[in-house]
Structures are given as C-alpha cells and as structure tokens.
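For the numbers below, each heavy atom of this structure counts, side chains included, while hydrogens, waters and symmetry mates do not.
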Amino acid sequence: MQRKGPHQMAESAHYQQLGKFVILFQELENSLIELHGAITGKDYAVEILPAETGYPRLARSTEAGFSDFIDRLRDPDPEARTRFHELTQKCLDIGLLRNRLIRSTYALLERTGDIVALVQQATKLKLKPGSRRQLVQEELSVESFEPYFQRIADVLAELESFRLQVIAWKSAGKQISVRVTAPG
C-alpha cells in the first residue's frame with residue numbers, strides 16, 4: 001500500500017469537505033421531496049423526476065404546495081406560511097452556494113511548503129458595462145466548510161419539523177379535503 005504524502009492528504013481533506021457538502025445538499029433535496037410528498041400525498045419523484053427538475057423549482061413548488069395546504073386548513077396558520085417562506089429562501093440560498101462551490105475551479109494554496117487552503121475561482125457575471133466577467137477568489141480552509149454544514153443541518157431540522165407538522169395536521173383532520181367555490 002502506498003502512503004500518501006502531506007500534500008496529498010491535505011488536498012484529499014479539502015476535497016472530502018466538498019464531497020461532504022454535496023452529500024448534505026442531496027439530503028436537503030431529498031427532504032424537500034419528502035415534504036412535498038407529505039403535503040400532496042403524491043410521490044414527487046414519480047410526478048417530476050428531480051434530476052430533470054431544477055432545485056429552485058423543487059423548492060418553490062414545495063412552498064406553493066405548503067401555502068395551498070395552509071389555505072385548506074380549517075384554521076389556517078399564516079405564521080406557518082411566513083416561516084415556511086423564510087425557510088424556502090434559506091433553501092434557495094443554499095442552492096446558490098452549492099452552484100458556486102460546485103461550478104468553480106480549485107487550486108491549492110501553499111505557504112512554506114504546506115497546503116493551507118483550497119482557493120476557489122469562480123466567474124461571476126457583472127451587470128455593469130464593460131467586461132462581463134469578474135474573477136472571484138476565495139480561500140477555503142478545511143474548517144471554512146463547517147458553517148456551510150451547519151446551515152444545511154439547521155435547514156434540514158426545520159424541514160423535518162414542518163413535515164411532522166403537516167402529518168400532525170392531516171392526522172388530526174384539520175385539513176378541509178374539498179374546496180368549494182361560488183359559481184362565476
């Protein structure tokens with residue numbers, strides 16, 4: 001078995017953090033799918049395959065389904081709708097972070113022979129006249145991923161709380177199953 005040198009181990013640690021982020025993001029995406037299913041009583045993955053659906057569409061359609069579900073409660077909870085809207089924004093922000101991290105190129109930053117950080121290089125479009133591309137660089141230490149992991153963990157906990165609340169509302173019979181509208 002070949003031993004890894006310090007550079008290879010440091011590089012591996014950084015890429016492991018990127019991999020962990022991707023796995024946590026997939027867990028977040030799956031939680032949205034489960035919540036969508038709890039709300040609608042349908043399997044989102046069968047209706048619209050998530051691989052063919054953009055993450056923002058999944059987040060927004062789950063929010064729309066939740067909002068509709070709240071409207072059909074015997075005693076609607078507008079505060080829950082507001083909290084869920086805020087949670088959806090957090091989900092969308094994490095989606096943007098995922099895009100930034102995954103669609104970037106990386107280089108290792110070395111100081112005195114030791115790898116200190118991964119340098120992320122992402123291009124960003126500017127809306128001002130002139131050059132349309134701007135190079136954005138950010139140093140990512142192994143530790144710098146921890147706040148990202150915590151953000152995802154917090155959102156996962158909130159999504160699970162909402163999923164359980166939806167199940168409780170349905171179990172308690174608080175949902176009105178048929179909407180009656182007055183003729184035109």
Nearest heavy atoms of L73 and D77, plus distance in Å: CD1-N, 4.5 Å
Donor on one side chain, acceptor on other, N30 and Q26, under 3.5 Å: no
Throw together a table of side-chain donor-acceptor distances under 3.5 angstrom for residues 82-96, partners on residues two or more places apart or in other chains.
{"residue": "T82", "atom": "OG1", "partner": "P78", "partner atom": "O", "Å": "3.2"}
{"residue": "R83", "atom": "NH1", "partner": "E79", "partner atom": "OE2", "Å": "3.4"}
{"residue": "H85", "atom": "ND1", "partner": "E63", "partner atom": "OE2", "Å": "2.5"}
{"residue": "T88", "atom": "OG1", "partner": "F84", "partner atom": "O", "Å": "2.9"}
{"residue": "K90", "atom": "NZ", "partner": "E158", "partner atom": "OE2", "Å": "3.1"}

Validation row: P147, R151 side chains within 4.5 angstrom (heavy atoms): no
In this structure, OG of S161 is separated from CG of L156 (nearest 0.5 Å) by 12.5 Å
How close do K170 and G41 get, heavy atom to heavy atom, and via which atoms? NZ-N, 3.9 Å
Please work out whether the ring planes of F162 and F66 are parallel, tilted or perpendicular, with thresholds of 30° and 60°. perpendicular
Between L101 and Y15, is there a shared hydrophobic cluster once you connect ILVMFWY residues whose side-chain heavy atoms come closer than 4.5 Å? yes
Assigning hydrophobic clusters by single linkage (Ile, Leu, Val, Met, Phe, Trp, Tyr; side-chain heavy-atom cutoff under 4.5 Å), is L28 placed with F149? yes
Salt bridge (charged side-chain N to carboxylate O under 4.0 Å, His left out) partners of E160, counting only residues at least two apart: R163
State, to 0.1 Å, how close R98 and Y55 come at their nearest heavy-atom pair, and which atoms those are. NH2-CB, 4.0 Å
Distance from H36 atom NE2 to L159 atom CG, nearest 0.5 Å? 13.0 Å
Distance, nearest 0.5 Å, that separates CD1 of I152 from CD1 of I23: 11.0 Å
From L58 CG over to L32 CG, what is the distance, rounded to the nearest 0.5 angstrom? 5.0 Å
Inter-residue atom distance Q17.CD - E143.CD, 0.5 Å rounding: 8.0 Å
Using 30° and 60° as the class boundaries, would you call the ring planes of F145 and Y148 parallel, tilted or perpendicular? perpendicular
Nearest heavy-atom approach of T62 to I39 is O-CD1, 4.0 Å
Using a strict 4.0 Å threshold on nitrogen-to-oxygen distance, state whether D68 and R72 make a salt bridge. yes
